[in-house]
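Here's the structure, in structure tokens; my notes come after.
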Amino acid sequence: MSYPTYHNLIGGEWLPARSGKTILNLNPADHSDIVGAFPSSSAEDVNLAVAAAKKAYASWRLVPAPKRAEVLLHAGLILQQRKEQYARDMTREMGKVLAETRGDVQEAIDEAFYVAGEGRRLFGQTTPSELQNKFAMSVRMPLGVVGLITPWNFPMAIPSWKLFPAIVSGNACVIKPATDTPLSTYNLVQALVDAGLPPGVVNIVSGSGGSTGTALIEHRDVRAISFTGSSEVGSFVGQRAAATFKPVSLEMGGKNAQIVLNDANLDLALDGALWGAFGTTGQRCTATSRILLQKGIAAEFTEKFVARAKSLKVGNGLDESVEVGPQVNAGQIETSKQYVEIALGEGAKLLAGGHPLTDGDYSKGTFFEPTIFGGVTPSMRIAREEVFGPVVCLIEFDTFEQAIEIANSIDYGLSTALYTKNVNRAFAGIRDLEAGITYINAPTIGAEVHLPFGGVKHTGNGHREGLGAIDFFTTWKAVYVDYSDKLQRAQIDNAE
Ligand code: UN1
């Protein structure tokens, strides 16, 4: 079958990897469908991209921020026009169903419009000086060249969360998209190019994490790294970047709990659990992977949840009637299989699914049944470790306090959901759940771009995307203007 060949974008030119090597991008629902060949880049390509970014930065940082923002606004309008095509491209390369890939493109559009407004804010502070005839203020400054490393599960939204705030702040970027899903990042960057972004402000180098990603992290001219991916890789990224004192924003794993209390609207909690656990085939860092059930509703919830999960239609996401797409690659299927073995070995009870789907059309891709474990206790590995697949476990509890304790007993802290009609419990949950995001009567997935996104403990290292991204992509400069025409010594001349 013939397929297109894509190139890196370096200094405004589309160039193959210097080695000439490529990586094939396959449709996970049908491996005979080759989406394209993408460069397999090495340090040489990264060096060229960083040099091009450095050159572009010299003039981009001087473009007024409201003007930089106009490019983003324009890019958002272009994405609106191309939404359907880009969603279809994304379903082909990543697998999730069309409704969700349309949502992913929409998230990038939302981010463009949100960040375009930031171009007229980027606020600093003014504050009185301790000396007479002296003016004090703080201003935000860009960092320079920044390196962005993005995952395959939100292949357009997450690059937009990083690129747009970085660009509006006056930085130049080198982005390495996930090896499995480069096309959506290419599409996003194409929209920026068509919106008039000057050459070199954004450069793409695609390739594997090991060669391309590491070269970017270690490059001395890269001033900061923003990474989204697993905690394991994030730990490596943070340690490598520390060697050259780069600030690093790490957004990593989750083991997100949905708590259902006895007084909850059960149908609503069921809808939320189904969407949170099996939306995106469970491949979100915000996915619901633990459902904590109060004993009074546990039996009824479990029975209905299992029945509904079993009736979900799994298949090719391009078919509008499909509810759950494939997993992104064979490695993810292996992980799901391994966790099924681990859970069974720990004594958990398999209530639904548990196997790869391999019959008929399923044999063309990488599919896994929606899988539910019951009888899970909080100390089991299936209750503590991230699977990143359509695998969810049910844990029962007696009291609200126990639920909070179980929810908080893991290493991760990204998203949590609490279903209750009791306003006191709702607010106690908001206060006590150790997570960057808490939903009341809504599932663990579905964050909006203009709120802070990120988590605590092993989920992150303290930074936030969305509201907070500008903080990462700028640095503060304190400015003092002395208009007294004489030497004024701080801490000395005004000491009485
Ligand atoms: C992710 O899974 O890495 O809140 C991001 C959500 C989406 C973003 C998920 N808006 O589920």
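First listed ligand is number 1; within each ligand, the first listed atom is number 1.
Listed by chain and number, E107, N153, F154, I158, W161, R284, C285, T286, I445, G446, A447, F453 each place a non-hydrogen atom less than 4.0 angstrom from ligand 1.
Salt bridge status for R140 with D471: present, with a side-chain N to carboxylate O gap under 4.0 Å.
For E84, the side chain to side chain contact (heavy atoms under 4.5 Å, CB included) partners two or more places apart in sequence, or in a different chain, are R88, R102. For R381, the side chain to side chain contact (heavy atoms under 4.5 Å, CB included) criterion is met by Y339, I342, E346, E385, not counting sequence neighbours. Applying the side chain to side chain contact (heavy atoms under 4.5 Å, CB included) test to V306 and every residue at least two apart in sequence or in another chain returns T302, K310, L351, A352, I372.
Taking the six-membered ring where tryptophan is involved, the planes of F388 and W152 are perpendicular, since the angle between them exceeds 60° and thus also 30°.
Between the side chain of D411 and the backbone N or O of H458 there is no donor-acceptor pair closer than 3.5 Å.
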